[in-house]
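Some notes on the structure that comes next.
Residue numbers count from 1 along this sequence. These numbers were taken from a predicted model, which means no experiment stands behind them.
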Amino acid sequence: MSPVNSMDSMNARCDVVVAGGGPVGLMLACELRLGGASVVVVERRTEVDPTVKAGSINTSTAEAFHRRGMLPALAEAQRRSVERFQAFARERQATTATAGRPPRTPSRFAGHFAGIMLRGELLDTTDPDFAHAGPAHDIGLVPQQEIERLLAERARELGVEVRVGTELTGFDADEDAIVVRLARVADGSNQAVRADWLVGCDGGRSTVRRLAGFAFPGTDPQITGHQALVEMTGSEALRPGWNATATGMYAHGPMPGRILTVEFDGPPADREADVTAEELQTSLRRVSGAEVTITGVRTATRFTDNARQATDYRAGRVLLAGDAAHVHSPFGGQGLNLGIGDAMNLGWKLATVVRGRAPEGLLDSYTAERHPVGAWVLGWTRAQIALMRPEPQARALREVVTELAGSVAGTTYFAKKLSGVAHRYDLPGRHPLVGRSAPDLELADGTRLADLLHDGRALLLDLADDAELRARAEGYGERVRLVTTACPDRPDLAGLLVRPDGITAWAVDAGDAPESGDGLGDALSRWFGAPDRPAG
């Protein structure tokens with residue numbers, strides 16, 4: 001992580017200050033820049049955090065990167081991850097051969113729910129929800145650090161100003177602007193930035209959320225978890241993957257040295273203290289029963305299942321995204337994906353307001369659309385905690401869910417939920433595509449729908465060469481890309497309006513276009529304001 005176009009003046013002016021330069025803050029900053037807003041990102045860290053975190057992304061996140069032209073970079077990052085996983089598999093096979101045990105052929109990974117592994121060979125890949133994602137469906141094994149590095153490079157390309165080694169210390173807001181007070185970590189020198197908006201992407205213990213007074217209700221933690229990359233001896237006694245024991249849960253792999261433990265003895269006494277090899281070893285031995293000796297710690301963290309969500313994601317000129325808006329346990333890998341979804345939803349809307357193309361009321365749709373998704377994730381993670389508990393009743397329920405997850409219907413259900421392809425926003429319109437992630441249509445010229453969203457503009461696809469449809473879009477040329485083409489694979493579709501975040505705002509089938517023209521006009525004005533000139 002390095003400064004980008006950093007300004008040396010003690011005071012500056014921009015449209016938006018983003019507090020937090022992790023994946024969510026960087027994604028939001030990139031979206032704002034695509035929308036024409038000026039952005040300053042402030043981040044206390046000076047380097048990418050090496051702590052082991054999310055090891056994969058879901059389909060919704062891969063779609064977001066695909067729609068910005070970054071799928072090849074994700075594919076390369078996934079290739080490196082697969083090499084690490086294969087190294088772990090070879091290591092385990094060598095260990096089992098030495099011990100005289102037959103090697104196990106691992107199932108194709110499709111995710112997990114409470115450590116219950118989903119077998120990819122049971123996934124119904126013909127389900128239409130999976131077909132809609134196109135090539136993004138093949139991307140998943142990309143760790144959080146890789147995501148942050150890719151977004152940092154993209155931020156540099158877009159000219160985002162990132163002030164590393166800088167922390168937010170306070171702010172003052174009125175009806176016209178917000179003045180954000182900053183301090184350099186190295187020497188404590190003060191800075192100030194005057195902006196129209198401030199977005200807190202500064203994590204679960206968000207300073208922005210606390211200072212702005214957001215309500216943050218939820219449930220208290222029950223567990224102490226550890227996750228680490230270590231060097232150890234005796235690892236041949238550990239079973240790979242997720243394992244439920246009489247004292248909790250542990251995981252080993254899918255990369256060399258990666259361990260995770262979950263104990264139901266309450267939250268950590270001190271989240272801030274350094275995680276030692278002795279602490280990790282004690283927890284791993286207690287949960288696994290194996291006499292493992294940890295000889296070195298490369299990176300380690302504690303976590304718990306504190307689950308809370310802001311009641312509203314906006315308070316005046318201050319907004320929240322990512323962990324600043326919602327916290328939960330890491331099981332199921334939903335945190336990073338939820339935050340990227342927040343950034344994609346908020347970025348274009350806030351940029352539209354900044355440029356005066358829409359009233360501030362457009363921002364109300366941010367909470368309305370994203371809060372239900374966040375609430376679902378909190379419920380999803382709480383359910384996993386219940387299934388992980390070592391009590392007999394919870395273990396009996398776990399057996400039932402394991403049996404369900406071992407069916408084609410169960411695997412497909414869980415995978416659709418985990419991947420994000422089943423989510424839908426409650427938007428006006430009766431067409432089944434409205435409110436859902438737009439299908440990555442393969443068009444007659446060989447391009448895909450995602451290729452037409454790289455510049456961050458909305459997209460109106462005229463798939464029936466309909467002059468009336470095109471006339472409705474007059475006056476939106478700067479905000480909405482109009483493309484007349486054909487889609488041989490979907491002759492049933494006549495037109496599609498896709499928001500910059502990839503969500504279908506309006507759709508019409510062949511034969512229905514004349515009756516649906518007003519619906520298109522309503523959708524255009526709802527999301528992109530008044531046209532520059534009246535529609536024809």
Roughly how far apart are Leu459 CG and Leu453 CG, rounded to 0.5 Å?
-> 5.5 Å

May I ask you to test the Lys349-Ser365 pair for a side-chain heavy-atom distance under 4.5 Å?
-> yes

Hey, are Asp509 and Arg490 close enough for a salt bridge, meaning a charged N less than 4.0 Å from a carboxylate O?
-> no

So, do Phe113 and Trp380 have ring centers that fall under 6.0 Å from each other?
-> yes

Arg271 versus Thr224, side-chain donor and acceptor atoms under 3.5 Å | no

Is the backbone N or O of Asp202 less than 3.5 Å from a side-chain atom of Ser206, with the two atoms forming a donor-acceptor pair by type?
-> no

With Trp376, which of His326, His423, His328 fulfils ring-ring contact (aromatic ring centres under 6.0 Å, His included)?
-> His423

Please examine the side chains of Leu363 and Leu350, heavy atoms only from C-beta on, and report whether any two atoms are closer than 4.5 Å.
-> yes

Ignoring hydrogens and angles, tell me if any N or O in the side chain of Thr411 forms a donor-acceptor pair with the backbone of Ala405 under 3.5 Å.
-> yes

Do Ser437 and Arg67 meet the criterion of a side-chain donor-acceptor pair at a distance under 3.5 Å?
-> yes

According to the interplanar angle, ranging from 0 to 90°, do the rings of Phe303 and Phe331 count as parallel (below 30°), tilted (30 to 60°) or perpendicular (above 60°)?
-> perpendicular

Kindly determine whether Phe65 and Ile139 satisfy side chain to side chain contact (heavy atoms under 4.5 Å, CB included), including the steps that lead there.
-> CA-CA 10 Å; Phe65 280 75; Ile139 302 297; over 6 Å; no

Between CD on residue Gln334 and CG on residue Leu418, distance to nearest 0.5 Å | 5.5 Å

With distance as the sole test, does Asp451 use its side chain to make a donor-acceptor pair with the main-chain N or O of Arg448 at under 3.5 Å?
-> yes

Measure from the side-chain N and O atoms of Tyr250 to the backbone N and O of Arg239, and report whether any donor-acceptor pair falls under 3.5 Å.
-> yes

Quick one: does Arg84's side chain get under 4.5 Å of Pro143's, heavy atoms only?
-> yes

Below 4.5 Å, heavy atoms only, C-beta onward: do Met232 and Gln281 meet side chain to side chain?
-> no

Inter-residue atom distance Leu493.CG - Leu461.CG, 0.5 Å rounding = 9.0 Å

Evaluate the ring planes of His137 and Phe130, with Trp represented by its six-membered ring, and classify them as parallel (under 30°), tilted (30 to 60°) or perpendicular (over 60°).
-> tilted

Look at the aromatic rings of His112 and Trp242 and report parallel, tilted or perpendicular, splitting at 30° and 60°.
-> tilted

Modelled atom types, side-chain donor and acceptor of Ser283 and Arg286, under 3.5 Å | no

Test log, rule side chain to side chain contact (heavy atoms under 4.5 Å, CB included), inputs Trp506 and Arg526 = CA-CA 11 Å; Trp506 169 87; Arg526 176 186 180 90; over 6 Å; no

Are Asp489 and Leu441 side-chain neighbours, meaning at least one heavy-atom pair lies under 4.5 Å?
-> no

Going through the distances and angles, do Arg68 and Leu34 end up as a side chain to side chain contact (heavy atoms under 4.5 Å, CB included)?
-> CA-CA 10 Å; Arg68 298 300 181 256; Leu34 281 179; 3.6 Å; yes

For the student: nearest non-hydrogen atoms of Ala510 and Pro491, plus distance | CB-O, 3.9 Å

So, Arg370 side chain and Gly339 main chain: donor-acceptor pair closer than 3.5 Å or not?
-> no

Interatomic distance, Asp265 atom CG to Gln222 atom CD [nearest 0.5 angstrom] | 11.5 Å

Donor-acceptor contact present, side-chain Glu43 to main-chain Gly21, <3.5 Å = yes

CD1 on Ile294 to CG on Leu280, rounded to 0.5 Å | 5.0 Å

Between the side chain of Gln78 and the main-chain N/O of Asp138, is any donor-acceptor distance below 3.5 Å?
-> yes

Could you give the distance from CG (Leu362) to CH2 (Trp348), rounded to the nearest 0.5 Å?
-> 5.5 Å

Judged by atom type as modelled, is there a donor-acceptor pair below 3.5 Å linking the side chain of Arg209 to the main-chain atoms of Ala325?
-> no

Note: Asp129-Arg436 ion pair, threshold 4.0 Å (strictly below) | yes

Please say whether more than 12 non-hydrogen atoms of neighbouring residues, nucleotides or ligands are located less than 6.0 Å from CG in Asp270.
-> yes

Does Glu153 pair with Arg149 as a salt bridge, N-O distance under 4.0 Å?
-> no

Could you tell me whether a side-chain N or O of Glu231 sits under 3.5 Å from a main-chain N or O of Gly257, the two making a donor and an acceptor?
-> no

Mind running side chain to side chain contact (heavy atoms under 4.5 Å, CB included) on Glu263 and Val287 for me, showing each step along the way?
-> CA-CA 7 Å; Glu263 298 182 78; Val287 175; 3.4 Å; yes

Looking only at non-hydrogen atoms, find the nearest pair between Ala29 and Val41 and report the distance.
-> CB-CG2, 3.6 Å

Do Leu320 and Phe216 come close enough that some side-chain heavy atom pair is under 4.5 Å?
-> no

Leu150 to Met70 - nearest heavy-atom pair and separation = O-CE, 4.0 Å

For Ala450 and Asp440, the nearest pair of non-hydrogen atoms, with its separation, is N-OD1, 2.9 Å

Other residues, nucleotides, ligands: >12 heavy atoms within 6.0 Å of Glu391 CD | yes

Asp312 bridged to Arg314 by N-O distance under 4.0 Å = no

Closest approach of Gly115 to Met249 (non-hydrogen atoms, all atoms of both residues) = CA-CE, 4.3 Å

Can you find a pair of side-chain heavy atoms, one from Glu148 and one from Leu26, that are under 4.5 Å apart?
-> yes

Compare all side-chain heavy atoms of Leu32 with those of Val199 and state whether any distance is below 4.5 angstrom.
-> no

Decide side-chain hydrogen bond (donor to acceptor under 3.5 Å, both in side chains) for Arg258 and Thr299; before the verdict, give the C-alpha distance in whole Å, the side-chain angles of both, and the deciding distance to 0.1 Å.
-> CA-CA 10 Å; Arg258 187 259 188 172; Thr299 174; over 6 Å; no

Is the side chain of Arg395 donor-acceptor paired with the backbone N or O of Met388 at a distance under 3.5 Å, no angle test?
-> yes

Indicate the atoms forming the closest heavy-atom contact of Pro268 with Ile223, along with that distance.
-> CD-O, 3.9 Å

Pair Asn306, Thr304: side-chain N/O donor-acceptor within cut-off below 3.5 Å | no

Test: Glu76 and Arg79 ion pair at under 4.0 Å = yes

